[in-house]
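Take a look at the structure below.
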Amino acid sequence: MSSPLVSIQNSAPNSQTLSIDPHSIRITVKGSITIPGDKSISHRALMLGAIAQGETVIEGLLLGEDPRSTAACFRAMGAEISELNSQRVVVRGVGLGNLQEPSDILDAGNSGTTMRLMLGLLASHPDRLFTVTGDNSLRSRPMSRVIKPLEQMGASIWGRKSNSLAPLAVKGQQLKPTHYHSPIASAQVKSCVLLAGLMVEGKTTVTEPALSRDHSERMLQAFGATLNIDTDTHSVTLTGQPELKGQQVIVPGDISSAAFWLVAGAIVPGSDLLITNVGVNPTRTGVLEALAMMEADIGRENERTVAGEPVADLRVKYSQLKACEISGDIIPRLIDEIPVLAVAAAFAEGTTVIKDAAELRVKESDRLAVMATELGKMGANISELSDGLEITGGRQLKGTEVDSFTDHRIAMSLAIAALNATGKTTIHRAEAASISYPNFVETLTQVLQ
Ligand code: S3P
């Protein structure tokens with residue numbers, strides 16, 4: 001896919017360079033687009049479909065590399081999953097407790113969600129041995145955050161670096177009920193413990209310090225599990241050994257993918273873009289609140305509920321952004337959008353401070369360090385804090401050579417920064433975008449007018 005503005009070169013086997021040169025002509029971001037299915041919901045639909053009784057039909061599945069990793073792992077444990085496509089994927093589940101011992105190592109690829117959620121299921125399947133690994137990035141990401149609560153439930157898990165890094169070996173056990181107080185607001189930790197609790201006789205509770213995305217809770221209930229949710233204390237209690245029945249799941253568009261276009265429309269003068277079918281679950285809409293604080297012109301249209309998840313169309317128009325502070329309880333609700341919000345801040349008047357976001361250091365890359373260096377190379381006035389970023393907007397960005405560090409959200413955030421930079425930006429290892437957004441470059445070409 002290429003246009004006068006956007007081109008892709010194969011720079012090495014399996015590696016691509018994306019070049020964007022907007023100032024060869026004046027551009028705006030216009031039209032109407034749809035975005036790929038929500039990554040978090042896609043993983044959960046495949047997993048719950050795989051362990052439920054009967055057939056689950058998934059419409060709108062994300063075809064990124066991460067859900068492909070989940071599908072491959074659960075196929076290896078006996079679930080029948082039809083060829084992945086975004087229209088209709090059929091999963092024939094094995095039934096609760098019936099995942100088979102795989103004959104080979106399970107590979108979660110780049111996907112933290114696959115590894116961490118799956119560990120809850122593996123640890124609770126007695127008398128089976130599982131080994132799990134992932135790519136370079138995933139093998140350096142902390143797994144102790146899920147191993148610790150699972151051990152509290154009686155799990156047997158071994159890993160590198162004192163049981164904290166993959167590859168991991170899991171000997172399934174009959175687990176016992178627990179109340180886990182998580183020190184971090186993490187949907188992956190919460191979901192791992194709840195999935196482990198499915199096989200437990202009795203109640204499993206997770207309390208988190210702030211509310212993280214609640215897709216697991218919604219989908220577990222839709223599949224037949226009983227959950228008690230205390231919104232004051234951020235606690236979820238699951239009653240074990242439910243009858244899980246296959247369902248129809250309609251996956252909305254991923255607001256984390258929409259975020260790139262929301263920022264593109266907000267920073268490129270003259271823009272007016274409609275993004276249809278975006279999931280607007282309140283546990284995910286921190287990015288809309290942050291952009292509203294920055295005085296972005298974003299409207300919601302056609303609000304509706306689809307298969308238990310709120311959905312809307314979002315329209316963004318250019319406006320001069322203002323700096324803001326992003327910190328506290330909003331952070332888990334916009335955790336994946338911080339790199340692209342840093343790009344928005346580079347075009348806002350004043351100094352934006354992002355705090356309480358140390359979690360970004362253990363994502364697919366150290367997103368605080370990488371955004372500070374790569375956006376800095378383009379001329380942004382950005383500095384790294386121990387748990388965030390400080391960005392003073394207003395400096396004209398200049399196109400240059402930057403690197404994704406094989407992190408999908410970094411690759412796409414830098415591409416959005418390039419739209420309002422002078423000259424050509426070349427993004428190395430841009431193929432990383434396919435983890436969550438396989439047709440990002442096609443949509444980029446489509447919206448530039
Ligand atoms: C996810 C939870 C978040 C998010 C990740 C997807 C999920 O991670 O960053 O991209 O689907 O549960 P944490 O739970 O580590 O915050």
Side-chain angles (χ1 to χ4, degrees), residues 20 137 140-142 184-185 210 256 259-260 262-264 266-268 286-287 289-296 319-430 432:
I20 300 166
S137 154
S140 67
R141 294 179 65 187
I184 43 174
S256 299
F260 301 109
L262 292 172
V263 173
I267 64 171
V268 177
V287 63
E289 289 157 45
L291 287 169
M293 286 194 273
M294 299 177 91
E295 299 185 16
S319 62
Q320 175 56 57
L321 298 180
K322 306 280 184 325
C324 73
E325 181 178 316
I326 305 173
S327 61
D329 283 3
I330 197 174
I331 294 291
R333 300 192 300 111
L334 48 66
I335 190 76
D336 292 337
E337 291 70 73
I338 289 175
V340 80
L341 283 169
V343 172
F347 295 98
E349 278 171 6
T351 300
T352 295
V353 180
I354 301 172
K355 286 193 302 202
D356 306 318
E359 272 294 298
L360 261 73
R361 297 206 180 274
V362 290
K363 293 292 178 188
E364 287 82 332
S365 69
D366 177 343
R367 288 180 174 162
L368 299 179
V370 172
M371 281 313 286
T373 53
E374 301 309 289
L375 215 48
K377 282 183 198 165
M378 296 177 77
N381 185 352
I382 179 167
S383 53
E384 209 181 319
L385 309 174
S386 62
D387 64 347
L389 292 167
E390 195 172 279
I391 308 122
T392 302
R395 274 198 198 157
Q396 174 62 56
L397 299 196
K398 294 184 208 67
T400 186
E401 297 207 17
V402 288
D403 187 12
S404 77
F405 284 77
T406 72
D407 183 328
H408 54 131
R409 300 206 196 277
I410 300 287
M412 294 185 277
S413 299
L414 294 172
I416 300 308
L419 297 180
N420 216 12
T422 54
K424 179 165 148 182
T425 302
T426 301
I427 304 163
H428 295 288
R429 300 193 275 180

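All values derive from a computational prediction rather than experimental measurement.
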inquiry  = Measuring from atom CD1 of I391 to atom CG of L375, what distance do you get when rounded to the nearest 0.5 angstrom?
reply    = 7.5 Å

message = Within a 6.0 Å radius of atom NZ on K322, are there more than 12 heavy atoms belonging to other residues, nucleotides or ligands?
response = yes

key: Side chain E374, main chain D403, donor-acceptor under 3.5 Å   = yes

ask   = Does a side-chain heavy-atom distance below 4.5 Å link E390 with V353?
value = yes

Test item: T352 and M294 side chains (from C-beta on) under 4.5 Å apart, heavy atoms = yes

task = Determine yes or no for a side-chain-to-main-chain donor-acceptor pair under 3.5 angstrom, with R361 supplying the side chain and S386 the backbone.
result = yes

ask   = Any side-chain heavy atom of P332 sitting closer than 4.5 Å to one from E359?
value = no

key: Nearest atoms (heavy-atom pairs only) where S365 meets V370   = OG-CG2, 3.9 Å

task = List the atom of R367, the atom of D336, and the distance in Å for their closest heavy-atom pair.
result = NH1-OD1, 3.8 Å

note = Residues I267 and N420: closest non-hydrogen pair is O-ND2, 2.8 Å

request  = Compare all side-chain heavy atoms of E364 with those of T406 and state whether any distance is below 4.5 angstrom.
outcome  = no

request  = Kindly indicate whether the side chain of E289, heavy atoms from C-beta on, has any atom under 4.5 Å from the side chain of R333.
outcome  = yes

Spacing of CG belonging to D366 relative to CE belonging to M371, to within rounding of 0.5 Å = 12.0 Å

query = At what distance, to the nearest 0.5 angstrom, does CG of L414 lie from CG of D407?
reply = 9.5 Å

ask   = Could you walk me through whether V287 and V263 pass the side chain to side chain contact (heavy atoms under 4.5 Å, CB included) check?
value = CA-CA 10 Å; V287 63; V263 173; 5.8 Å; no

ask   = Is there side-chain contact between K398 and K377, with at least one heavy-atom pair below 4.5 Å?
value = no

request  = Would you check if the side chain of T392 reaches a backbone N or O of N381 as a donor-acceptor pair within less than 3.5 Å?
outcome  = no

Short side-chain to backbone donor-acceptor contact, T422 and Q396, under 3.5 Å = no

ask   = Where do D387 and K355 land on the salt bridge (Lys or Arg N to Asp or Glu O under 4.0 Å) test, with the steps shown first?
value = CA-CA 6 Å; D387 64 347; K355 286 193 302 202; over 6 Å; no

ask   = If you measure from CG on L341 to CG on L262, what distance do you get to the nearest 0.5 Å?
value = 9.5 Å

message = Determine whether a donor-acceptor pair (N or O, by modelled atom type, separation under 3.5 Å) exists between the side chain of D356 and the backbone of G328.
response = yes

query = What's the spacing between E401 CD and I427 CD1 if we round to 0.5 Å?
reply = 11.0 Å

query = What distance do L389 atom CG and E384 atom CD have between them, rounded to the nearest 0.5 Å?
reply = 7.0 Å

task = Looking only at non-hydrogen atoms, find the nearest pair between A432 and H408 and report the distance.
result = O-CB, 3.0 Å

request  = Compare all side-chain heavy atoms of V402 with those of I410 and state whether any distance is below 4.5 angstrom.
outcome  = no

note = Nearest heavy-atom contact between G388 and L368 is N-CD1, 3.5 Å

request  = Of all the heavy-atom pairs spanning A372 and I382, show the shortest one and how long it is.
outcome  = O-CG2, 3.5 Å

